[in-house]
Amino acid sequence: MAESRRYISQAELEEHKKPGDLWISLQGKVYDVTQWSQDHPGGALPLQNLAGQDATDAFVAYHPGSAWQYLDKFFTGYYLKDYAVSEVSKDYRKLVGEFSKMGLFEKKGHGTCISLCFIALLFFISVYGVLCCSTTWAHLCSGGLMGFLWIQSGWMGHDSGHYQVMCNRKFNRLAQILTGNCLAGISIGWWKWNHNAHHIACNSLDFDPDLQHMPFFVVSSKFFHSLTSYFYERKMNFDSVARFLVSYQHWTYYPVMCFARINLFAQSFALLLSKRKVPNRGQEILGLLVFWTWYPLLVSCLPNWGERVMFVVASFSVTGIQHIQFCLNHFSSSVYVGPPSGNDWFEMQTAGTLDILCSSWMDWFHGGLQFQIEHHLFPRLPRCHLRKISPFVKELCKKHSLPYNSASFWKANAMTIGTLRSAALQARDLTNPVPKNLVWEAVNTHG
């Protein structure tokens, strides 16, 4: 006689969403992932953020079909009562299946080899310019090329964190450490920790670290209530200093982006020197030490302090373009407060992202971020296929009356500045709600 199924309600499932007690539902079957969260390749945070609910769409987005076979050992024996799949989710999962049958997740093209050769060429030219050229202009260009190298290594690190860009995992790890830690000074471990949280909780003001830039930037007046960051596990205080800086954020945005890399350096060391569990911590630290050996040594080879400062500023400023690109995709998009919801995965990903319109010959410049909606829906998909699948995503959005937001690079910049300006003016209202004179009004009302 067949054993009868045991069911739990959604309310009962929601009781298991705290550290030490993490249950999720996948296609109506309930799994206990408490212990697995300690060894989960994507870190514990995604499981913590999606616990207590159905997470099928997120699972499908981040795992190949072969991953389903490993779930049985986590099965609790319970099924989710009244489990239902929305029409949007049905179409989304069908699309993932079709792309898988087409082999798109495995076909990576020759982009990795070309990128590595290009990065090596940029590194050689930049070093040659410093060591073998004596003119100031050559040294300035060398600094700019170094910044451009960091941009390209950033795309490589981004790709290798989402899918295997090399022939096996060991070489993929080598590419991550080489292009991220050794060449760019950014911990790939920190990037994975941060970026996975961003993808899972796209544009949640209190769960998405990519929107938590207090006291320099806020994209919503909701930050004025001193929200708690569940990523950094601290309160983001909107104090007098934050009010002042935010009040002028639409003016300081581009200058700050020129030196945003300093924050990534600091975040990398903060994670690696913390008590958090970091896989391959020794490799990560060694890679950063390599960077902080060769880069200062190269700068020291310049003839005087003026040119050394110029070289560093040039390299930081050029790579600031990439930091701007990261912001364009999300700063002006829809935001919300609270944890991510697995039941409307497709809807939340499309609402919180913005595509950048460009010609195919400019794809190298954007590194795949120009198809941010597609990337967020299919994060395992190699970027060489993002343009190909874009029409399918547009059609699905149109079918279900969902937004598919896109803008040119320049329009996206204007939209970002508009978002920052709107929040800045609201911050000024909190500081000085009544203009004191015509000069104050002219400066602070019109930005």
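Bear in mind the structure is a predicted one, so any value in this text is a computation, not a measurement. Just so it is clear, the values below take in all heavy atoms, side chains as well, and ignore hydrogens, waters and symmetry mates.
By the neighbour-count criterion of 12 heavy atoms within 6.0 Å, atom CD of Glu98 is densely surrounded, having more than that number from other residues, nucleotides or ligands. Heavy-atom neighbours of Asn168 CG from other residues, nucleotides or ligands within 6.0 Å: above the threshold of 12. Taking a 6.0 Å sphere around CZ of Phe75, one finds it holds more than 12 heavy atoms contributed by other residues, nucleotides or ligands.
In this model, a donor atom of one side chain and an acceptor atom of the other lie less than 3.5 Å apart for Asp355 and Tyr404. Counted by atom type alone, Ser333 and Asn203 present zero donor-acceptor pairs between their side chains at under 3.5 Å. Checking Gln372 against His330 by side-chain atom types alone, a donor-acceptor pair falls below 3.5 Å. Side-chain contact check for Asp344 and Ser341: at least one donor-acceptor pair (N or O, by modelled atom type) lies under 3.5 Å.
For Trp292 and Phe265, the gap between ring centers is short of 6.0 Å. Aromatic ring centres of Trp193 and Phe231: separated by under 6.0 Å. Under the 6.0 Å cut-off for aromatic ring centres, His366 and Trp155 do not qualify, their centroids lying 6.0 Å or more apart. In this structure, the ring of Trp36 has its center no less than 6.0 angstrom from the ring center of Tyr31. Aromatic ring centres of Phe123 and Trp294 lie closer together than 6.0 Å. Between Tyr248 and Phe244, the ring center distance clears the sub-6.0 Å criterion.
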Would you please test Phe223 and His213 for side chain to side chain contact (heavy atoms under 4.5 Å, CB included) and show each step? CA-CA 10 Å; Phe223 276 113; His213 303 293; over 6 Å; no

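Taking CG of Leu264 as the start and CH2 of Trp191 as the end, the distance is 12.5 Å to the nearest 0.5 Å.
Using bins of under 30°, 30° to 60° and over 60° for the plane-to-plane angle, the ring pair Tyr295/Phe291 lands in the parallel bin. Note: His199 and His375 have perpendicular aromatic rings, judged against thresholds of 30 and 60 degrees for the angle between ring planes.
Salt-bridge formation is detected for the pair Lys277/Asp39: a Lys NZ or Arg NE/NH1/NH2 atom is positioned less than 4.0 Å from an Asp or Glu carboxylate oxygen. Ionic pairing of Glu374 and Arg380 is not present here: no N-O contact between side-chain nitrogen and carboxylate oxygen is shorter than 4.0 angstrom.
Shown here are the side chain to side chain contact (heavy atoms under 4.5 Å, CB included) partners of Cys301, two or more places apart in sequence or in another chain: Val130, Leu131.
With Phe378 as reference, Tyr92 is the one residue of Phe371, Phe105, Tyr92, Phe346 to meet the ring pair (Phe, Tyr, Trp, His ring centres under 6.0 Å) rule.
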